[in-house]
Visitor: 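Please read through the structure below; I'll follow up with questions.
The figures that follow rest on heavy atoms only: side chains count, while hydrogens, waters and symmetry mates do not. Being a predicted model, the structure only gives us computed values, none of them experimental.
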Amino acid sequence: MADSWTVQRTGPGDAARTQAREQLLEAARELYGVNGYRETAEHDVCAAAGVPVEVLRQEYGSREGLLIALHNRVTTTGLRAMERALLIEGIDTCSIADRVRLLFDAYVEAVTTDPREARVTFVEVLGVSAVVDEHCKLWRALWTEFLTGEAERAVERGEAEDRDHRVDVMVMVGAVHELMAHHTRRSRRARPGEVSGELTELALTMLGSQRSGEG
């Protein structure tokens with residue numbers, strides 16, 4: 001393993017580091033997402049990635065740091081998918097029900113395409129450590145800001161109750177993650193449309209908004 005790493009290091013240093021980071025992330029996705037984070041030792045990840053333990057520690061600090069990096073990558077993918085949905089032609093004239101559904105469709109599809117990534121993102125990060133909990137807390141705060149903006153837009157258009165929805169959104173963000181974790185743990189994998197439908201109903205209920213087709 002060390003010999004193969006020496007060969008890889010003969011190229012440009014930045015390229016070799018990027019390659020090593022990607023190999024570690026791929027190994028973590030497979031091992032954390034199939035066997036579980038707690039069942040995967042540091043040397044297991046490094047062996048699967050084909051790099052020495054020292055490289056993992058240099059690039060991510062620890063297997064916990066690698067878990068955070070993988071979670072961050074998947075969650076960022078979900079956020080970017082929702083941002084792209086906001087650019088769809090005609091979305092500004094959509095009802096709040098249709099708009100929320102489009103956003104959740106994009107998010108769920110992005111974060112559940114690979115079941116290993118879904119398990120890491122919604123199950124394996126739970127209860128690991130205070131550091132991981134703080135990382136997830138920062139992401140929940142970001143989601144709260146993002147979705148509060150959507151709630152305020154709905155209020156301005158008269159599609160949601162005229163009140164401060166920040167607390168509702170904070171509760172909703174937590175409920176979204178609980179629901180995603182529930183579906184991830186199930187032996188029968190729910191279709192993305194089923195999950196996003198549940199999330200849409202939850203969001204509209206908390207906003208005091210009417211559903212699609214109701215007038």
Side-chain angles (χ1 to χ4, degrees), residues 25-26 28-30 32-34 36 70-126 136 139-161 165-166 168-215:
L25 283 169
E26 290 301 313
R29 179 173 64 173
E30 177 65 22
Y32 295 171
V34 175
L70 182 56
H71 175 272
N72 194 59
R73 184 171 75 170
V74 178
T75 309
T76 298
T77 298
L79 178 61
R80 296 290 177 258
M82 294 182 85
E83 290 175 339
R84 287 192 298 273
L86 289 175
L87 299 176
I88 294 173
E89 184 177 356
I91 194 168
D92 287 337
T93 58
C94 285
S95 68
I96 183 60
D98 290 340
R99 186 178 174 97
V100 169
R101 181 59 189 259
L102 284 169
L103 289 174
F104 278 128
D105 279 347
Y107 173 74
V108 172
E109 182 68 32
V111 299
T112 64
T113 297
D114 189 321
R116 298 168 298 179
E117 293 182 346
R119 176 175 171 178
V120 169
T121 304
F122 301 107
V123 177
E124 294 305 316
V125 295
L126 300 177
C136 294
W139 263 109
R140 286 194 296 272
L142 189 152
W143 283 119
T144 298
E145 289 297 319
F146 182 89
L147 294 172
T148 296
E150 288 299 304
E152 291 171 348
R153 179 182 181 281
V155 170
E156 291 173 0
R157 292 181 51 167
E159 295 180 310
E161 294 179 5
H165 287 281
R166 180 169 292 274
D168 294 331
V169 173
M170 290 174 64
V171 173
M172 182 176 68
V173 169
V176 165
H177 282 78
E178 287 290 333
L179 187 59
M180 294 297 292
H182 166 72
H183 281 294
T184 300
R185 292 188 182 102
R186 293 177 64 185
S187 57
R188 183 188 75 82
R189 188 183 178 197
R191 293 190 298 271
E194 295 174 337
V195 179
S196 60
E198 292 179 25
L199 296 179
T200 299
E201 289 298 307
L202 172 66
L204 295 177
T205 297
M206 288 188 167
L207 292 174
S209 179
Q210 295 178 335
R211 275 52 165 183
S212 298
E214 294 182 1

Visitor: Of all residues at least two apart in sequence or in a different chain, which pass the ring pair (Phe, Tyr, Trp, His ring centres under 6.0 Å) check with Tyr32?
Guide: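 Scan of Tyr32 (ring pair (Phe, Tyr, Trp, His ring centres under 6.0 Å), adjacent residues dropped) gives Tyr37.
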
Visitor: Considering non-hydrogen atoms only, spot the tightest contact between Thr76 and Asn72 and give its length.
Guide: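 Taking Thr76 first and Asn72 second, the nearest heavy atoms are OG1-O, 2.7 Å.
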
Visitor: Applying side-chain hydrogen bond (donor to acceptor under 3.5 Å, both in side chains), name anything that partners Arg185, two or more places apart in sequence or on another chain.
Guide: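 Listed in chain order: nothing, the list is empty.
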
Visitor: Could you give the distance from CG (Leu103) to CE (Met82), rounded to the nearest 0.5 Å?
Guide: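 Those atoms lie 4.5 Å apart.
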
Visitor: Quick check: closest heavy atoms across Gly36 and Arg119, and the distance to 0.1 Å?
Guide: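 That closest heavy-atom pairing would be CA-NH2, 3.3 Å.
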
Visitor: Side chains of Leu207 and Met172, heavy atoms from C-beta outward: is any pair under 4.5 Å?
Guide: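 No, side chains not in contact.
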
Visitor: If every non-hydrogen atom of Arg157 is compared with every non-hydrogen atom of Thr93, which pair is closest and at what distance?
Guide: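 In terms of heavy atoms, the two residues are closest at NH2-O, 3.7 Å.
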
Visitor: Would Arg29 and Val120 count as a side-chain contact (heavy atoms from CB on, under 4.5 Å) if you check the C-alpha gap in whole Å, the side-chain angles of each, and the deciding distance to 0.1 Å?
Guide: CA-CA 7 Å; Arg29 179 173 64 173; Val120 169; 5.9 Å; no

Visitor: Sequence neighbours excluded, which residues qualify as salt bridge (charged side-chain N to carboxylate O under 4.0 Å, His left out) partners of Arg153?
Guide: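 Partners of Arg153 under the salt bridge (charged side-chain N to carboxylate O under 4.0 Å, His left out) test: none.
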
Visitor: Find out whether Glu150 and Leu86 are in side-chain contact, i.e. whether some heavy atom of one side chain is under 4.5 Å from a heavy atom of the other.
Guide: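 The answer is yes; the side chains approach within 4.5 Å.
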
Visitor: Roughly how far, to the nearest 0.5 Å, is CG of Leu202 from CD of Glu178?
Guide: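 Answer rounded to 0.5 Å: 11.5 Å.
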
Visitor: Enumerate the residue pairs fulfilling salt bridge (Lys or Arg N to Asp or Glu O under 4.0 Å) with a member in residues 84-96, sequence neighbours excluded, ordered by first and then second residue.
Guide: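 Qualifying pairs, neighbours excluded: Asp92-Arg99.
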
Visitor: Show every ring-ring contact (aromatic ring centres under 6.0 Å, His included) that has at least one partner inside residues 86-115, sequence neighbours left out.
Guide: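 The answer is Tyr107-Trp143.
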
Visitor: Who pairs with Ser196 by side-chain hydrogen bond (donor to acceptor under 3.5 Å, both in side chains), at least two apart in sequence or on another chain?
Guide: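 For Ser196 the side-chain hydrogen bond (donor to acceptor under 3.5 Å, both in side chains) partners, ignoring immediate neighbours, are Arg101, Asp105.
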
Visitor: Run the side-chain hydrogen bond (donor to acceptor under 3.5 Å, both in side chains) test against Arg191 and tell me which residues pass, sequence neighbours left out.
Guide: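 With neighbours one apart ignored, the set is Glu194.
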
Visitor: side-chain contact (heavy atoms from CB on, under 4.5 Å) for Leu147 and Val176? Distances and angles first, verdict last.
Guide: CA-CA 12 Å; Leu147 294 172; Val176 165; 5.8 Å; no

Visitor: Taking only residues two or more places apart in sequence or in another chain, which ones pass salt bridge (charged side-chain N to carboxylate O under 4.0 Å, His left out) with Arg116?
Guide: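 For Arg116, the residues satisfying salt bridge (charged side-chain N to carboxylate O under 4.0 Å, His left out) (neighbours in sequence not counted) are Glu30, Asp114.
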
Visitor: Testing the basics here: between Ala85 and Ala106, what is the closest heavy-atom pair and its distance to 0.1 Å?
Guide: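 Taking every non-hydrogen atom into account, CB-CB, 4.0 Å.
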
Visitor: Rounded to the nearest 0.5 Å, what's the gap from CD on Glu117 to OG1 on Thr75? Could you check?
Guide: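 The OG1 atom of Thr75 is 9.5 Å from CD of Glu117, to the nearest 0.5 Å.
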
Visitor: For the atom pair CD (Glu159) and CG (Leu204), what is the distance rounded to the nearest 0.5 Å?
Guide: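 Reported value, rounded in 0.5 Å steps: 9.5 Å.
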
Visitor: At what distance, to the nearest 0.5 angstrom, does OG1 of Thr121 lie from CG of Leu70?
Guide: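 It comes to 6.5 Å.
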
Visitor: For His177, what residues pass the side-chain hydrogen bond (donor to acceptor under 3.5 Å, both in side chains) criterion, not counting sequence neighbours?
Guide: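 Expected list: none.
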
Visitor: Residues in salt bridge (charged side-chain N to carboxylate O under 4.0 Å, His left out) with Glu145, at least two apart?
Guide: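 For Glu145, the residues satisfying salt bridge (charged side-chain N to carboxylate O under 4.0 Å, His left out) (neighbours in sequence not counted) are Arg166.
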
Visitor: Quick one: list whatever passes salt bridge (charged side-chain N to carboxylate O under 4.0 Å, His left out) with Arg80, sequence neighbours left out.
Guide: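 Checked Arg80 against salt bridge (charged side-chain N to carboxylate O under 4.0 Å, His left out); matches are Glu83.
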
Visitor: Would you mind reporting whether Trp139 and Val125 have side-chain heavy atoms less than 4.5 Å apart?
Guide: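 A side-chain contact is absent here, since even the closest heavy-atom pair is not under 4.5 Å.
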
